[in-house]
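Report on the structure given below.
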Amino acid sequence: MKLYEQAATVSCKRLNLFLREIDAIGFERVEINVREGDNLTDAYKAKSANGKVPLLELDDGSFLSETVAISRYFDELQPNDLDLFGDSVAARAKVEMWNRIVEIDGIQNAFQAFRNTTGLYKDRENCIEAWGVEAKHRVELFLPKLDKQLSQSDYVATERYTIADISAYIFVVVAINALKIEVLESYPHIKRWFEVVSSRPAMKG
Ligand SMILES: N[C@@H](CCC(=O)N[C@@H](CS)C(=O)NCC(=O)O)C(=O)O
């Protein structure tokens, strides 16, 4: 298998947090440069359903896009006892629910805020300042909801660490570093959880 990535990008960091947790093996890494447009070529678009990184090439020559899909593939390929997608019928449903909420209300808005206000990818998309401002506002509306959830639960989806925590960790890092929101100063429950998840060995890779 081959993993096409740009390790420094947020989505690849998110996938790599998952892969390190389960000690994923059996693939080769291919570093590409999305800022320079390596993902915009016809050859890359023919492989990737969304034209982005990460992208996994399977041994049968087919391809998987989307961080969560690739995470799920490795998780089932290499059975482990971490149960990052949940350890019971109810837990799996809650992990799915929270992972989607964090992706849609958190990560997607954070990405749109950053892309539209900085014009980072203006070579390939229309960047609309007002969209970026509104997306940042929606991030600010989502943070108290995440804080409330973490006031009621040790981790984001359940009482155990799951993929929803990896997604939420990445979201909070983008909110702090890219959007300059004072998350840890403003939200005590996010701060408590963030300190716990940041100390996991997989975070140190
Ligand atoms: N929903 C996708 C998002 C992937 C994504 O947005 N990747 C970014 C890097 S963080 C990318 O490839 N950007 C290049 C571009 O948009 O052209 C996933 O989770 O894999």
Side-chain angles (χ1 to χ4, degrees), residues 1-22 24 27 29-58 62-77 84-85 95-129 131-132 135-136 138-139 142 146 156-157 162-181 202-203 205:
M1 288 186 287
K2 278 187 192 164
L3 179 63
Y4 296 84
E5 64 175 350
Q6 182 169 353
T9 61
V10 170
S11 297
C12 295
K13 284 184 181 164
R14 184 178 170 207
L15 175 64
N16 281 316
L17 284 179
F18 188 97
L19 297 183
R20 278 200 296 278
E21 285 286 349
I22 65 165
F27 63 96
R29 293 178 185 274
V30 180
E31 178 79 8
I32 69 166
N33 191 327
V34 296
R35 294 267 173 95
E36 288 184 2
D38 290 352
N39 60 319
L40 304 180
T41 64
D42 287 344
Y44 194 84
K45 286 184 194 160
K47 298 173 183 171
S48 169
N50 64 8
K52 295 180 188 288
V53 286
L55 169 70
L56 184 68
E57 181 172 357
L58 307 186
S62 63
F63 294 90
L64 269 182
S65 289
E66 288 294 332
T67 302
V68 178
I70 298 170
S71 301
R72 191 181 288 281
Y73 183 75
F74 275 104
D75 198 50
E76 294 197 20
L77 200 64
L84 291 173
F85 281 93
V95 170
E96 176 77 14
M97 174 181 81
W98 273 103
N99 203 42
R100 285 182 63 75
I101 290 171
V102 169
E103 278 200 313
I104 295 167
D105 295 345
I107 293 175
Q108 277 309 317
N109 281 322
F111 277 15
Q112 292 308 326
F114 188 66
R115 293 173 77 121
N116 282 284
T117 54
T118 61
L120 179 72
Y121 290 122
K122 63 177 184 292
D123 61 336
R124 64 199 71 173
E125 65 189 12
N126 292 327
C127 295
I128 301 165
E129 173 83 19
W131 181 5
K136 182 173 176 183
R138 291 183 190 194
V139 166
F142 177 57
L146 183 61
V156 169
T162 68
I163 191 170
D165 295 287
I166 295 176
S167 302
Y169 171 83
I170 284 293
F171 160 66
V172 169
V173 168
V174 174
I176 294 171
N177 294 343
L179 304 182
K180 308 294 177 208
I181 299 174
M203 293 286 176

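As the structure lists them, so they are numbered: ligands from 1, and atoms in each ligand from 1.
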Side chain N109, main chain D105, donor-acceptor under 3.5 Å: yes

Option among F111, F142, F114 that satisfies the ring pair (Phe, Tyr, Trp, His ring centres under 6.0 Å) test with F171: F142

Sub-6.0 Å ring centroid separation between Y44 and F63: no

From CA spacing to verdict: side chain to side chain donor-acceptor pair (under 3.5 Å), E129, N116: CA-CA 5 Å; E129 173 83 19; N116 282 284; over 6 Å; no

Identify all N/O pairs between ligand 1 and the protein with a separation under 3.5 Å and present them as a table of atom names and distances.
from     : atom 1 : to   : atom 2 : distance (Å)
ligand 1 : 1 (N)  : E66  : OE1    : 2.8
ligand 1 : 1 (N)  : E66  : OE2    : 3.2
ligand 1 : 7 (N)  : V53  : O      : 2.9
ligand 1 : 12 (O) : V53  : N      : 3.0
ligand 1 : 16 (O) : K52  : NZ     : 2.8
ligand 1 : 16 (O) : R115 : NH1    : 3.1
ligand 1 : 16 (O) : R115 : NH2    : 2.8
ligand 1 : 17 (O) : N39  : ND2    : 2.9
ligand 1 : 17 (O) : R124 : NH1    : 2.8
ligand 1 : 19 (O) : E66  : OE1    : 3.4
ligand 1 : 19 (O) : T67  : OG1    : 2.9
ligand 1 : 20 (O) : T67  : N      : 3.0
ligand 1 : 20 (O) : T67  : OG1    : 2.8

Candidates L64, L55, N39 - the one meeting side chain to side chain contact (heavy atoms under 4.5 Å, CB included) with S48: L55

Member of F85, Y169, Y73 meeting the ring pair (Phe, Tyr, Trp, His ring centres under 6.0 Å) criterion with F18: F85

